[in-house]
Engineer: 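Right, I'll just put the structure down here and ask away after.
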Amino acid sequence: MLWSGWGDPAKAAELPEPVRRLLADFLGVRGPAGPAATFGEVRLPAPVLPPPALAALAAITGPEHVRTDDDARIRHTRGRSTPDLLLMRAGDGSDAPDAVVLPGSHDEVAEVLRVCAEHRVAVVPYGGGTSVVGGLVATREGFAGVAALDLSRLNRLVSVDAESMVAEMEPGLRAPQAEELLAAHGLTLGHFPQSYEYATLGGFAAARSSGQASAGYGRFDDMVVGMTVATPRGTLETGRAPKSAAGPDLRQVILGSEGAFGVITSLRLRVHRAPGRRVYEGWRFATFADGLAAIRRLTQDGPSPTVLRLSDETETMVGLAQPGELGTSPSGSGCLVVAGYEGAPEDVSYRGERAAAVLTGMGGVHLGPEPGEKWAHGRFSAPYLRDSLLAAGATVETLETACFWSAVPRLQESVRQALTGALGSPLVMCHVSHVYGTGASLYFTVVTAQTGDPIGQWAAAKHAASEAILRAGGTITHHHGVGRDHREPYGAEIGEVGVEILRAIKERLDPVGVLNPGVLIP
Ligand SMILES: Cc1cc2nc3c(=O)[nH]c(=O)nc-3n(C[C@H](O)[C@H](O)[C@H](O)COP(=O)(O)OP(=O)(O)OC[C@H]3O[C@@H](n4cnc5c(N)ncnc54)[C@H](O)[C@@H]3O)c2cc1C
């Protein structure tokens, strides 16, 4: 992973000429503010972990799995939000951990937590490092130092129960590794977020991730049937049956807890048979409202596609759903729907035909497989464009929310107005990314000309958008999680009693407070 950007540097994306023109003519982007820092120019604070703590950690994992070199520290600094990338591009390594610890088993994780509590060392569980909400930056005050707990050595497929369709997998598996291991058994998880190439199973559970095929396979938290969790107070095992009436479901306490309550060391996950056929196609609707009505009907009455995504007029015009064609209005005017079907060949045909009848009846124009195939082909490439946009002098960032269907139009308009009010005349694009019987998730992509203080510029816009989301009845996050960035609005969303419950759990499971301090809890 590129230390100051996204992904494999060999896949860096050049900005197409139409996009450069769009940036200059419509947004007034006038070139980069200055060159980005090189790796060697990153300013790191001196490491402060006391030698006895380092020695105790090395005794658990072996000294080769406790790293304090600049390379490891820089590569475990923050996540991959735009402010995170802007700070790295400016050479700011002030949030670097003092050490990176790589445990190899549940028992080692449990011991590391014990030692860190004893020495008051803050521990940041680190999966793929793709958090976009500040989930990987620990508060330093009151601690003897910060250790990143890199889970990449916990990377095994432990077992497959093909009868129950449950696989036990370790949290440090990256999504492609997990899919490869399952493919050998003819199985799939069906979890394909845009961060697929780098994010891990543990990170998906800890941040309640949702993938692009969630209409068919569900969100990641739907897939978790059980977990093993190491906490400073001992081990928690959750999920012994598919459903249970044995009190509140403690899985829900850990899902979305972002390392603040414990470290997930094993996951029992529902799996699916690998699809025999995949079909993705495009539809055009005259307006966003028409498209919304159609995808709502499909979601509520069936047949449900595996992938269902609706772009608004601006996103359709720019072509964001098909990054290979960016800036060329590849799907024409109106609003693009991408509908995809995965499964057994006959089931794919049956659902596709019935869904086509519903979409046509709701005013949709069938565009054939091309837009769908282009979406599928480019589905993981859009993040590479962000680096090129930042380098060109544009600020680009995303945010997401969800609400009930009846509130969708007002929520979309409120967020758009808030972003426009804060940024002047940005490009605001929106799509419906995940659908449920009762509502949907809205995902916004914002592009604007960078000011001299792009971090402050985005902070103001994000604040305005967050207030608009809460006012319009949305949740502060549908799948990115809380981290540090959403902590305060999350507090407003769950209220005083909700915050007290979280604090009580935290105090009980982590009495010294070493687990990811500053994250999640308002
Ligand atoms: C370009 C881009 C595209 C993205 N697209 C999507 C998307 O389509 N859908 C989506 O849902 N999200 C998306 N995200 C957000 C991000 O990928 C998800 O939040 C993902 O779940 C994080 O996984 P990770 O392994 O990288 O976790 P990390 O970023 O390493 O960690 C995330 C949080 O979980 C904690 N954590 C990690 N592992 C564990 C563990 N084993 N036990 C306890 N706590 C742990 C960390 O401390 C941190 O607080 C995107 C991010 C980027 C940068």
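We count residues from 1, following the sequence as given. Source: prediction; values computed, not measured. Both ligands and their constituent atoms are indexed starting at 1 by order of listing.
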Engineer: Find out whether the Lys NZ or Arg CZ of R278 is both under 6.0 angstrom from the six-membered ring centre of Y341 and within 45° of the ring's axis.
Structural biologist: no
Engineer: Under 6.0 Å between ring centres: does that hold for Y436 and W405?
Structural biologist: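 Between Y436 and W405, the centre distance exceeds or equals 6.0 Å.
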Engineer: What residues, two or more places apart in sequence or in another chain, satisfy ring-ring contact (aromatic ring centres under 6.0 Å, His included) together with W375?
Structural biologist: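 Only Y280 meet the ring-ring contact (aromatic ring centres under 6.0 Å, His included) criterion with W375.
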Engineer: Of all residues at least two apart in sequence or in a different chain, which pass the ring-ring contact (aromatic ring centres under 6.0 Å, His included) check with Y217?
Structural biologist: H272
Engineer: Hey, which residues fall under 4.0 Å of ligand 1 on heavy atoms?
Structural biologist: W6, R80, P125, Y126, G127, G128, G129, T130, S131, V132, G135, L136, L151, P171, P193, Q194, S195, A199, T200, G202, G203, F204, A206, A207, S209, S210, E258, G259, G262, V263, I264, P383, H479, H480, N516
Engineer: Could you note down all residue pairs passing salt bridge (charged side-chain N to carboxylate O under 4.0 Å, His left out) where residues 261-270 supplies at least one of them, sequence neighbours left out?
Structural biologist: E168-R268, E237-R268
Engineer: Is the closest side-chain donor-acceptor distance between E397 and T82 under 3.5 Å?
Structural biologist: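 Yes, because at least one side-chain N or O of E397 sits under 3.5 Å from a partner of the opposite role on T82.
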